[in-house]
J.: 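Pasting a structure below so you can have a look.
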Amino acid sequence: MKRLGILFFVLMFALVSLAGCATSTVDIGIVLPTKDEPRWVQDETRFKDLLADSDYSVEILFSQGSTATELSNVETLISKGIKVLIITAQDGDAAGAAVEKAKAEGITVIAYDRLITNTEAVDYYVTFDSIAVGEAQGQYLVDHATGTGNPLYLYAGAASDNNAFLFFEGAWNVLQPKIADGTFVIENSSAAVGLQANATLTRTQMSTILDQVTTNWDFNTALSLAQTHLTAATVAQKGDVFILAPNDGTARAIADAFTADTAVTSYKITGQDAEIASVQYIIDGKQSMTVFKDVRTLVSDAITMAVSVLDGNTPTTTGTYDNGSIDVPAKQTAVVVVQQSNVTSALITSGYYTASQFTFPN
Ligand code: GAL
C-alpha cells in the first residue's frame, strides 16, 4: 500500500512536470496591432532579425485592428506559458482587459510603442519620444512658411491610440504660436479654430479636434477626409498649403488628394515612420519629411527588458509615463527628422535600408 502510494506520487509528479513542459513552449509573446499598417510589419521584421539567434522562444501574433482578436492572442500566448508579454495595443484603454489577464498569471507586461492606459497591469513601457515626433512635424511646417495667411490643414491618428494625442500635442506646441500670430490659418477644423488661442489643450479639447480630423491611421479614411476638405474649401483656402499628416501612410493618401486638386499650387506635408513607400515619395518630392523612428532600437530595448526579466533581473528604465492609473517605468528613444537632403545619411548609411530599395533620380 505504502509502495503504491509512493508510486502514485511519483507518477503524479511526472505528469505534472510533463504538463508544465507542454504548456510552457513560448518564453516571450509579442502582440502587434495590424499588418495593414506598414509600420508594424517593420517591427515584426526587426523582431525576427534580432531574435534569429536567441536562446529564448518567441511568438508574434497580429490583432488586425480588433481588440477581441488582441484578447484571444494574449490568451493563446498565456496558454503557451509565456513569461513576458510585449504588446502594442490596438486600443489603449480596451487592452487593459487583456493585460490584466496576463498579469493575473504572473506574466510581466511590456507596453510596446503605445501606452496601455487606465490599468495597473503594465510593468514597463518602451517608446519613442512621441511629443518630439509631433514637435518635429510642426517645426517643419513652421520652418517652411513665410508671410501670413498660409492655409493649414490638420490631420491626426486614431483616438483609441494614446500616441495620436501625444503627436498632436507636440505639433500644437509648435504650431499654435504661429496660428496665433497669423502665419497659418486653419482651414479644415472648426474645433481647432475655436481653440486656436489656447497654447495648451486638455485631452478633452484635443478629442474635439480629433473627432473632426482623425484618419484612424487608415489610408482610405485619410484620402476621403482630405477629398471632403478640399471639396468644401474655396480656391482662396488652397494655393500654397501646409499639411500636418500624422504618419506616412496617411501622408501619402492625403498628398495624393492634394496633388489631384488643381487649385493647390504647392504643398508641404509631414509624415512619420520612414516607411519605404514614403521614403520614395520624399525622394520624388511628393512628401516633404518623415520622422524616422529607428525600430531596431525599440525592438532591442523591448527584448533587453524581456531577457532581463527572464533572467530574474530588474530592467533598466529612464523615466516614467502616467497611464492614468500608475506611473509606468519607461525607456524612451529619440527620433530623427528625414527630408530629401538626408535620406541617404539617415536611412541608408545607417544600414536601416539599402539603396537598392529606392529609385534615385539620375
Ligand atoms: C502609432 C505609432 C506610429 C504609427 C501609428 C500608425 O501609435 O507610434 O509610429 O505608425 O501608430 O500605426
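Hydrogens, waters and symmetry mates play no part in the numbers below; they use all other heavy atoms, side chains included. Whatever order the structure lists ligands and atoms in, that order sets their numbers, starting from 1.
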J.: Can you pull out the closest protein heavy atom to atom 3 (C) of ligand 1? Residue, atom name and distance to 0.1 Å, please.
T.: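 Looking at atom 3 (C) of ligand 1, the protein heavy atom closest to it is Lys293 NZ, 3.5 Å.
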J.: Got the closest protein heavy atom to atom 4 (C) of ligand 1, with its distance?
T.: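 Result: Asp273 OD2, 3.3 Å.
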J.: Looking at Tyr281, I'd like to know if the NZ or CZ of Lys286 sits under 6.0 Å from its six-membered ring centre while staying within 45 degrees of the ring's axis.
T.: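 Yes, Lys286 lies over the aromatic ring of Tyr281.
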J.: Should we count NZ of Lys103 as having more than 12 external heavy atoms under 6.0 Å?
T.: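 Atom NZ in Lys103 is crowded, with more than 12 foreign heavy atoms closer than 6.0 Å.
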J.: Does CG in Asp55 sit with more than 12 non-hydrogen atoms of other residues, nucleotides or ligands closer than 6.0 Å?
T.: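 Check fails, neighbour count at 12 or below.
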J.: In the protein, which heavy atom is nearest to atom 2 (C) of ligand 1, and how far is it?
T.: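 Protein heavy atom at minimum distance: Asp113 OD1, 3.4 Å.
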J.: Any atoms of ligand 1 less than 4.0 Å from a non-hydrogen atom of Phe167? List them with their elements.
T.: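 Those of ligand 1 that fall under 4.0 Å from Phe167 are 8 (O).
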J.: Tell me, which protein residue and heavy-atom name are nearest atom 7 (O) of ligand 1, and how many Å apart are they?
T.: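 It is Asp161 OD2, 2.5 Å.
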J.: Please identify which of these residues, Thr318, Thr127, Asp301, meets the side-chain hydrogen bond (donor to acceptor under 3.5 Å, both in side chains) condition with Lys331.
T.: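 Only one option passes, and that is Asp301.
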J.: With atom 6 (C) of ligand 1 as the reference point, say which of Glu37, Gln42, Arg39, Gln272 has the nearest heavy atom.
T.: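 Shortest heavy-atom distance from atom 6 (C) of ligand 1: Glu37.
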J.: Select one of side chain, backbone, both or neither to describe which atoms of Phe128 lie under 4.0 Å from any atom of ligand 1, heavy atoms only.
T.: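 Neither part.
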J.: Do NZ/NE/NH1/NH2 and the carboxylate oxygens of Glu105 and Lys101 come within less than 4.0 Å?
T.: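 No, this pair does not count.
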J.: Nearest 0.5 Å, what's the CD1-OH distance between Ile269 and Tyr153?
T.: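 With rounding to 0.5 Å, CD1 (Ile269) is 12.0 Å from OH (Tyr153).
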J.: Would you mind checking which non-hydrogen protein atom is closest to atom 11 (O) of ligand 1, with the distance to 0.1 Å?
T.: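 Of the protein heavy atoms, Arg114 NH2, 2.9 Å lies nearest.
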